[in-house]
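Inspection log for the structure reproduced underneath, given as structure tokens.
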Amino acid sequence: MEVRNNYINGQWQASVSGATREVINPSNGEVIALVTDSVAEDSKQAIAAAKAAFYQSGAWRRMAGPKRADLLLRIADAIAARADELAVMDTLDNGKPLREARCDVDDAAACFRYYAGLITKPQGGVYEVSDGFGPMHAYSMHEPVGVCALITPWNYPLLMAAWKLAPALAAGNAVVFKPSEVTPLSAVALFEIFHQVGLPAGTANLVLGSGPAAGQELAASHDVDMITFTGSTRTGQTIAAAAVGNLKKVGLELGGKSPNVIFADADLEGAVEWAMIGVFFNQGEVCSAGSRILIEESIKDRFVARLAERARAMSIGPGMKDPDMGAIVSAAQLEKVLGHIERAKQQGATLVCGGVRHTAGECAKGYFVQPTIFDNCTRDMDIVREEVFGPVVAIQTFTSEAEAIAMANDTPYGLAGGVFTTDGARALRVVKEIRAGVTWINCYNPTFNEAPWGGYKMSGYGRDLGVNGLLEYQQVKQVNINLQPGPVGWYQR
Ligand code: NDP
């Protein structure tokens, strides 16, 4: 089996470790590829290449914005040209349904297009300043941060790569990218595209390997100017601690336990549909998953009955067959999800449906879990407090708007939240009170390249996407100009 390698300084090369790692198809447990298994030394080489590209050559950062934009547009075109292949890759690697992977590919191409456009728009400002020193003029300009390390998780392999690589490159940085070791294949294809469009050597480097072995060096290295990470809160804390040494800029998009608040006046059928998208889309492996449904008591029984009816009707199977729900990403994640389910049962939550591994038919060897609903959940239960990252939802009830808001915010996380009601003023009031970075009214989970994405509280800091996503990868420099050169007389007694 051919081994996929690192891409460092414009060359494909194996890890110095000489070791390889198997990539598993979670739908059947079979090995689908081998990738090189990097260690800290590989990350050091990638960082050195990025540092030389940024600080010595400077070809990319000095390239005029419109020219960088041209290259990003060619990347987007190349992604679109390989869309079917990339979607199959992510489906085989991650387990998600093929049509969802296809949406990810389209979004990834659109993300490169968005940042290609944005980098050609005006940036910075011009400032009226006081004339105490004589006539002065001030403006600000945006510059790339320098060497940026980007680490992504396994739930949206290509899309998370695009969310970080597109703005980082648009801004003119040099990057070292480490995808999750669990789902590295579409990242390799993306770097083939970078090579094909002629990104200057060293501008974008790929390191394939585990977090502790290859990722930790990216967080700790004093030659890295910024690290941005999407993944679990615990790993985010490890990365932030490692990054302290040179006070590099840090961006963290972390976990969540997001509330989906449904009032009695909501359109019930619509709320059910969106709640399904909120928690079963992408097998529930979504950082913003609406995994806590807070429902007004008077409609709870009707809502839960309908949600369970819809959940039981979901087709589960290999992503290539395009079912409603595919496989959990790995055996380890499957065990984690099943562990959460067992603990919820032990702690007294009422299992409404699912709650078991799904092994019927061609799912026998894969890592499938049935869509699972727990009713009668209470605030102290782990299923209400901890991120599951699987198709599992906890139901709680409220009787007033104030109680709903208090329950929504009763979590250390603050990534997302939804509100369902036909009372427009109430929707706006509740959304305003939810301490989270991404919120939805009468829908759940739609995400747009144009709008900022990120969390409050222990869901991290910094933003992906939108204008804010570009700003993350930029420094702002103030330039003050003396309009009347020569002695000003201010420093004389
Ligand atoms: P992690 O947060 O541990 O992994 C995410 C990324 O970080 C991967 O690329 C991983 O590498 C890397 N990483 C891990 N440790 C380090 C480190 N010390 N230094 C630098 N990089 C590191 O998630 P897991 O895959 O372990 O999943 C565990 C849980 O995290 C899930 O059950 C879920 O609850 C949550 N999660 C949240 C996500 C989100 O978007 N909020 C996304 C994914 C998971 P590698 O995998 O290659 O070892």
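Counting from 1, the numbers follow the sequence of the chain as shown. Every number for a ligand or one of its atoms is a count from 1 in the order of the listing.
- Applying the side-chain contact (heavy atoms from CB on, under 4.5 Å) rule to Asn5 yields the partners Val3, Ala14, Thr36; only residues at least two apart in sequence or on another chain are considered.
- For Cys103, there are no side-chain contact (heavy atoms from CB on, under 4.5 Å) partners two or more places apart in sequence or in a different chain.
- We find that Arg385 and Asp410 are joined by a salt bridge, their nearest charged nitrogen and carboxylate oxygen being less than 4.0 Å apart.
- Partners of Ala349 under the side-chain contact (heavy atoms from CB on, under 4.5 Å) rule, at least two apart in sequence or in another chain, are Ala344, Phe374, Cys377, Met381.
- Under the 4.0 Å criterion applied to side-chain N and carboxylate O atoms, Glu472 and Lys249 are not assigned as salt-bridge partners.
- From Leu86, atom CG reaches atom CG of Asp93 across 11.5 Å, with rounding to the nearest 0.5 Å.
- When heavy-atom distances to ligand 1 are checked against 4.0 Å, the residues falling inside are Ile151, Thr152, Pro153, Trp154, Asn155, Lys178, Pro179, Ser180, Glu181, Gly209, Ser210, Gly211, Pro212, Gly215, Gln216, Phe229, Thr230, Gly231, Ser232, Thr235, Thr238, Ile239, Leu254, Gly255, Cys287, Gln333, Lys336, Glu387, Phe389, ordered by chain and number.
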